[in-house]
Amino acid sequence: MEENEMNIPEQGEAALQSDNSALAGSGDTRLDLAAIIRDNFGVPGEPMNRYSPLALAFMGDSVYEIVIRSMVVQEANRPAGQLNKMKIKYVNAAAQAKIIEYLEPRLTEEESEVYKRGRNAKSYTSAKNQSVTDYRKATGLEALCGYLYLKGDMARLLELLKDGVSVIE
């Protein structure tokens, strides 16, 4: 393997999740990106119960944003400024609070616990032009996104977000 090549496992290995194809309905398999990154960069990861809620939210903030950016960019090829305006509709504390309020009754017990841990975590940053309640709910949603991503359950993450963004549109 070349020095700059990534080691992407063959189908059937741990990093491929065949059950993740259910969301797409196309029969293709989805990659467990977190596992591929752990393997390629030699980082061990942690047992899921050892991540702090704010570490999960830190990860989930990026995961949520890349899902939304992917959705917006693939919807229309537009200038970056227009894409950013489209993205802001979904990536703000009020919108994320609305999404999690809609999703909360649909969460499993485990997912609900992760959300609540994130929502109730003591954060040292504050919302910019957003209510504290919305900011905490958004942090909880981000913790859930980070949890599902690191767990390798992208199918569930995308299922929830697809359902959730429908309340914004």
Side-chain angles (χ1 to χ4, degrees), residues 9 14-17 19-24 30-73 84 86-169:
L16 284 173
Q17 301 292 319
D19 62 336
N20 283 351
S21 65
L23 177 67
R30 304 287 177 195
L31 295 174
D32 178 353
L33 184 58
I36 292 170
I37 291 168
R38 283 191 297 274
D39 291 347
N40 278 280
F41 290 91
V43 292
E46 293 280 339
M48 291 309 298
N49 64 351
R50 300 244 339 251
Y51 288 107
S52 76
L54 293 179
L56 293 174
F58 174 80
M59 184 78 253
D61 177 62
S62 294
V63 172
Y64 178 80
E65 179 126 357
I66 199 150
V67 169
I68 298 302
R69 283 179 181 234
S70 296
M71 183 181 78
V72 167
V73 166
N84 193 54
M86 293 169 67
K87 175 200 75 150
I88 294 298
K89 175 179 169 184
Y90 304 97
V91 183
N92 67 74
Q96 289 171 265
K98 189 173 181 180
I99 288 169
I100 195 62
E101 287 167 0
Y102 174 76
L103 292 176
E104 199 169 2
R106 296 158 176 79
L107 300 179
T108 66
E109 186 176 324
E110 176 185 348
E111 292 165 348
S112 184
E113 287 176 18
V114 171
Y115 161 66
K116 288 175 183 174
R117 284 180 58 220
R119 181 195 64 198
N120 296 334
K122 175 83 170 127
S123 178
Y124 297 99
T125 59
S126 60
K128 298 175 192 139
N129 304 315
Q130 304 282 331
S131 79
V132 172
T133 302
D134 283 354
Y135 185 76
R136 288 189 175 185
K137 288 178 181 180
T139 302
L141 174 64
E142 291 168 350
L144 178 59
C145 290
Y147 174 80
L148 291 171
Y149 168 79
L150 290 170
K151 184 180 170 190
D153 198 350
M154 288 300 292
R156 179 64 175 159
L157 172 65
L158 294 174
E159 175 188 341
L160 287 172
L161 292 181
K162 181 180 179 186
D163 198 19
V165 298
S166 68
V167 300
I168 304 301
E169 299 177 308

Interatomic spacing from [atom1] in [X] to [atom2] in [Y] - rounded to 0.5 Å:
X    : Y    : atom1 : atom2 : answer
I68  : K89  : CD1   : NZ    : 10.5 Å
R136 : N120 : CZ    : CG    : 7.5 Å
I99  : Y90  : CD1   : OH    : 8.5 Å
S112 : L103 : OG    : CG    : 11.5 Å
L158 : C145 : CG    : SG    : 9.5 Å
K98  : I168 : NZ    : CD1   : 5.0 Å

All pairs passing salt bridge (charged side-chain N to carboxylate O under 4.0 Å, His left out) where residues 56-71 contributes a residue, at least two apart: E65-R69, E65-K87
Any side-chain heavy atom of [X] sitting closer than 4.5 Å to one from [Y]?
X    : Y    : result
V114 : L148 : no
L144 : L107 : yes
L160 : E111 : yes
D153 : L157 : no
S123 : Y135 : yes
L56  : Y149 : no
D134 : N92  : no
K151 : R156 : no

Neighbour count above 12 (heavy atom, 6.0 Å) for I66 CD1: no
In terms of heavy-atom contacts, does CZ of R38 have more than 12 from other residues, nucleotides or ligands at under 6.0 Å? yes
Tell me the closest heavy-atom pair linking [X] and [Y], and the distance in Å.
X    : Y    : result
Q130 : A94  : OE1-N, 3.1 Å
E142 : Q96  : OE2-NE2, 3.1 Å
P53  : R117 : CD-NH2, 3.3 Å
A138 : A93  : CB-CA, 3.9 Å
L54  : K122 : CD1-O, 3.2 Å

Side-chain (Y51) to main-chain (G45) donor-acceptor, under 3.5 angstrom: no
Donor-acceptor pair, side chain of Y115 and main chain of E104, under 3.5 angstrom: no
Only counting residues at least two apart or in another chain, list the ones meeting salt bridge (Lys or Arg N to Asp or Glu O under 4.0 Å) with E113. none
